[in-house]
Number of protein chains: 4
Amino acid sequence: MDGFQRRREQKKTHILEATLALIMEFGVQKVSIAEIAKEANVSQVTIYNYFESKHNLMHATFIYYVDKVWAEYEELLQKDIPFPEKIKQIIFTKKETAKQIHPDFYEQLMKEYSEGFHYLENLYNEKAIPYFIELFNQGKQQGHVDPDLSNEAILFYIQMMKEYIQREDVYQKVLPITEDLTKLLFYGIVGKRDN
Amino acid sequence: MDGFQRRREQKKTHILEATLALIMEFGVQKVSIAEIAKEANVSQVTIYNYFESKHNLMHATFIYYVDKVWAEYEELLQKDIPFPEKIKQIIFTKKETAKQIHPDFYEQLMKEYSEGFHYLENLYNEKAIPYFIELFNQGKQQGHVDPDLSNEAILFYIQMMKEYIQREDVYQKVLPITEDLTKLLFYGIVGKRDN
Amino acid sequence: MDGFQRRREQKKTHILEATLALIMEFGVQKVSIAEIAKEANVSQVTIYNYFESKHNLMHATFIYYVDKVWAEYEELLQKDIPFPEKIKQIIFTKKETAKQIHPDFYEQLMKEYSEGFHYLENLYNEKAIPYFIELFNQGKQQGHVDPDLSNEAILFYIQMMKEYIQREDVYQKVLPITEDLTKLLFYGIVGKRDN
Amino acid sequence: MDGFQRRREQKKTHILEATLALIMEFGVQKVSIAEIAKEANVSQVTIYNYFESKHNLMHATFIYYVDKVWAEYEELLQKDIPFPEKIKQIIFTKKETAKQIHPDFYEQLMKEYSEGFHYLENLYNEKAIPYFIELFNQGKQQGHVDPDLSNEAILFYIQMMKEYIQREDVYQKVLPITEDLTKLLFYGIVGKRDN
DNA sequence: AATGAATGAGGGTTCATTCAT
DNA sequence: GATGAATGAACCCTCATTCAT
């Protein structure tokens, strides 16, 4: 990649960062191209030169975001720590990237940007899922996980806790009850029967 | 309330229903006053005569919606059925009203319509919470619930499952794993230790 | 039609007149909605309330124009004057409406507004053509027209002269040679063989 | 002209060809500099380096076009064939160059590019007209043309038929009635009196 | 000399809101 | 009290043209 290309990529990234920041706070619809241009210190047309339309810009921003999240995630998955600790970290570690995520962002991802969504699903199915399956199977062998539970259900369950807990409006309430939530995760509402 | 007042209330309700229907499908931002007016078969100005601004209309619609949901909910809470069954119903019964709820709806509720949000919180704190506390306490006494768990944590947990499962994009995936999710709810990932 | 409807129609006509005037001078593309709004003393949005889009406005303007032209034309066709005189008037009478017609107008009619074009063709086929056929047949019987010529060819020929002569850039040159052009029309370049 | 100059001219011609092709299909207004640049495989700025503005580029393209048309035309005029045959060819021969001409092209020529127009008129007056005058005079002497008709009128007449017939929307209709149109050209609507 | 990048001005369109009847 | 009509502001997008390399 020559100097031109590199500068171009840098600027693109710059615009994507600005877009992401604004989108996460205000949502896709409330952010105008004019605002993005201002935030990124470029003219509106420059954005069009790079991304052709608001739709495309949003699509590209999604991809950019997903890649970023995945990069952070992967690191955690590779860590060599005991099973229960890893599960706890997966659920309760609030990722930098997800901090200020705006619900509208996901909504748009689902409804209007199906391409972006497929990209996400692909990544998920081909990289994340296989890893989790392996993780759960290990957990079952080591006696940390009820072997009668389907991996799908466990994955769903963990995904649920993770996503819900990261919702900005919810996160505040989680902190004081983290310990109890961990217990609920492992032993349910019936609780541990340690006899 | 005289005839005039009653007619006025009817018309208001009519507008609120139309607004709610549109909002739930398309979200607050994508629905214009013109569309609401058309759906409700009134002129735009009539809406302004009743609600003064789009903001106010949305606020009123939230209140209207929350009351409606609560009415449905209350019924379930009063039912005289065993504890585990009631918990399952609370979580897995998909309410009519919530069926097609649009994420944007909650978002707006949180961010822009704090008054509406406070109304919701009030209702929740003063009516729902006390009932749940009572319910959990009973559960603890009957041995269905680990007495060491805080009520806040259990409530949070149940709320989480309920809300997450009712997300339209999620609901489809839940059906085949309902049994396992129930087990997870009661016994956690470690599973039942029935010895 | 009540007062409201009538006022509405008047305003519509007003906008159509303004549009027509501007279009004829500058062409469809060079005229902006903003300019039309100014010319008609309404806001841009009012135009959208009536016509929904620029495309629709142009379409309506075409219909309006065609009807207008036809009304003028019909009058001439009904006149009770001798055949040669009528032909000459048809060709050389410059109609008020056609005075400042802009080529772009026809072009758009052809290319983008096919509905409008079909309207025009219908009118032509069902009203104008039958009259001409009748006229030419009379002309042939009275010895004014070569009976071997097809009516289609004659009609084409007359249409050609009429249209070409009314082109603004051409009209100026026609005046001094009107007499000769009449001779050419009736006798061709070979000229009259009055023996 | 040295090598630099020659390359420069080639590039200019290349741009002119691209411009002409696009203009003829879409009209002056619908073609953007960006499109021309793409079609000609140069950057937009290169076009500005050569032609300074869109206006100038269009002007140059007109000149280029006119010269091209004239070159084709001249060939026909020089042919040594009988008078009636030559007239017919002049009118009915559809030139390659004119095949896909866009009405907008003429319009712009008339309204905005008066310089280009003068160039055309000059060419016409100084090269074409004298030739036609000579041709018609020969025609008159040979008895093919009514000697009472002014050369201006005949020229106008032929020009009219030629231009009208070459209009793309018209050309289709001409073919089946070519024979009759020829008769009309030579003998008018009254027809040949061959007694 | 040639290019990629950037831009100000303007176009069509939509929307929440007000005016006038 | 209810309505049709009207509007200013804002939005997405395009284009001829200039800047910087």
Side-chain angles (χ1 to χ4, degrees), chain A residues 2-8 10-12 15 29-37 40-58, chain B residues 4 7-8 11 29-37 41-58, chain C residues 2-5 7-8 10-12 15 29-37 40-58, chain D residues 4 7-8 11 29-37 40-58:
Chain A
D2 60 15
F4 270 127
Q5 283 287 341
R6 208 175 311 125
R7 275 188 76 95
R8 191 181 168 85
Q10 275 177 12
K11 201 138 206 171
K12 253 183 144 169
I15 293 172
Q29 316 222 35
K30 283 280 191 189
V31 172
S32 72
I33 295 288
E35 284 167 324
I36 295 172
N41 273 321
V42 298
S43 101
Q44 293 193 41
V45 186
T46 298
I47 294 177
Y48 280 90
N49 283 340
Y50 281 104
F51 298 98
E52 291 184 333
S53 69
K54 187 179 183 180
H55 184 100
N56 273 18
L57 172 59
M58 292 307 154
Chain B
F4 269 126
R7 279 186 74 96
R8 192 181 163 85
K11 204 152 199 171
Q29 318 223 33
K30 285 279 192 187
V31 172
S32 70
I33 295 289
E35 283 166 325
I36 295 172
N41 273 320
V42 296
S43 98
Q44 299 191 40
V45 187
T46 299
I47 295 177
Y48 277 87
N49 285 339
Y50 281 108
F51 299 97
E52 293 186 327
S53 73
K54 187 179 184 182
H55 185 99
N56 276 15
L57 172 60
M58 291 307 154
Chain C
D2 61 16
F4 269 127
Q5 283 287 340
R7 276 188 76 94
R8 194 182 164 84
Q10 275 176 12
K11 200 135 205 172
K12 253 183 143 170
I15 293 172
Q29 318 222 34
K30 283 281 192 188
V31 172
S32 72
I33 296 288
E35 283 167 325
I36 295 172
N41 273 320
V42 297
S43 103
Q44 294 193 43
V45 186
T46 297
I47 294 177
Y48 279 89
N49 283 340
Y50 282 103
F51 298 98
E52 292 184 328
S53 70
K54 187 179 185 183
H55 184 100
N56 273 18
L57 172 59
M58 293 306 155
Chain D
F4 270 125
R7 278 187 74 94
R8 192 180 164 85
K11 204 151 201 172
Q29 317 221 34
K30 286 278 192 188
V31 172
S32 70
I33 296 289
E35 284 167 324
I36 295 171
N41 274 320
V42 296
S43 97
Q44 298 190 40
V45 187
T46 301
I47 295 178
Y48 278 86
N49 285 338
Y50 281 109
F51 298 98
E52 293 186 329
S53 71
K54 186 178 186 182
H55 185 100
N56 274 16
L57 172 59
M58 292 307 153

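Keep in mind that this is a model prediction, so the values were computed, not measured. When reading the values below, keep in mind they use all heavy atoms of this one structure, side chains included, and skip hydrogens, waters and symmetry mates. Chain letters run A, B, ... following the sequence lines, proteins first and then strands; every chain starts at 1.
Across B:V31 and B:I36, no two heavy atoms sit closer than the pair CG1-CG1, 3.5 Å. Here the closest heavy-atom approach between residue C:I33 and residue C:I47 is recorded as O-CD1, 4.0 Å.
Each of E:dG12, F:dG4, E:dT3 was ranked by its minimum atom distance to the side chain of C:K54; first place goes to E:dG12. The listed nucleotides are F:dT17, E:dG4, E:dG8; the one nearest the side chain of D:S43 is E:dG4. In this structure, the nucleotide among E:dA5, E:dA16, F:dT14 sitting nearest to the side chain of D:V45 is E:dA5. Counting only heavy atoms from C-beta on, B:S53 has its side chain closest to E:dT17 among E:dT13, F:dT14, E:dT17.
The side chain of B:T46 places no N or O atom within less than 4.0 Å of a non-bridging phosphate oxygen (OP1 or OP2) of F:dA2. Residue D:K11 places no side-chain N or O under 4.0 Å from the OP1 or OP2 atom of E:dA1. A close approach under 4.0 Å does occur between a side-chain nitrogen or oxygen of D:Y50 and OP1 or OP2 of E:dA2.
One can place CD of C:E35 at 13 Å from C1' of E:dG12, the figure rounded to the nearest angstrom. When rounded to the nearest whole Å, the span between CD1 of D:I36 and P of F:dT17 equals 11 Å. Here E:dT17 presents its P atom at 9 Å from CG of B:N56, a figure rounded to the nearest Å. Taking atom NZ on D:K30 and atom P on F:dT14, their separation rounds to 12 Å, with Å as the unit. With rounding to whole Å, B:L57 atom CG is found 10 Å from E:dT17 atom P. Look at CD on D:Q29: it is 15 Å from C1' on E:dG10, rounded to the nearest Å. Taking atom CD1 on D:I33 and atom P on F:dC15, their separation rounds to 11 Å, with Å as the unit. Going from atom CD of A:E52 over to atom C1' of F:dC15 covers 16 Å, rounded to whole Å.
Each of D:N41 and B:A34 lies near DNA chain E, and the nucleotide nearest D:N41 is the one positioned closer to the 5' end. Nearest-nucleotide positions on DNA chain F place A:Q44 closer to the 5' end than the other of D:Q44 and A:Q44. Each of D:S32 and B:R8 was assigned the nucleotide of DNA chain F with the nearest heavy atom; the assignment lying further toward the 5' end belongs to B:R8.
Annotation: side chain of B:Y50 is not in contact with side chain of B:V42 (no heavy-atom distance under 4.5 Å).
When Watson-Crick and G-U wobble pairs are counted only if both distances are under 3.5 Å, E:dA1 pairs with no nucleotide at all. Across every strand in view, E:dA20 sits in a pair with F:dT3 that passes the Watson-Crick or G-U test at under 3.5 angstrom. Nucleotide F:dA10 forms a pair with E:dT13, judged by Watson-Crick or G-U wobble geometry with both contacts under 3.5 Å.
Under the side-chain hydrogen bond (donor to acceptor under 3.5 Å, both in side chains) criterion, B:S32 pairs with B:E35, not counting sequence neighbours.
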Check step by step if side-chain contact (heavy atoms from CB on, under 4.5 Å) holds for D:F51 and D:M58. CA-CA 9 Å; D:F51 298 98; D:M58 292 307 153; over 6 Å; no
Quick one, D:R7 with D:K11, criterion side-chain contact (heavy atoms from CB on, under 4.5 Å). Give me CA distance, side-chain angles, the key distance, then yes/no. CA-CA 6 Å; D:R7 278 187 74 94; D:K11 204 151 201 172; over 6 Å; no
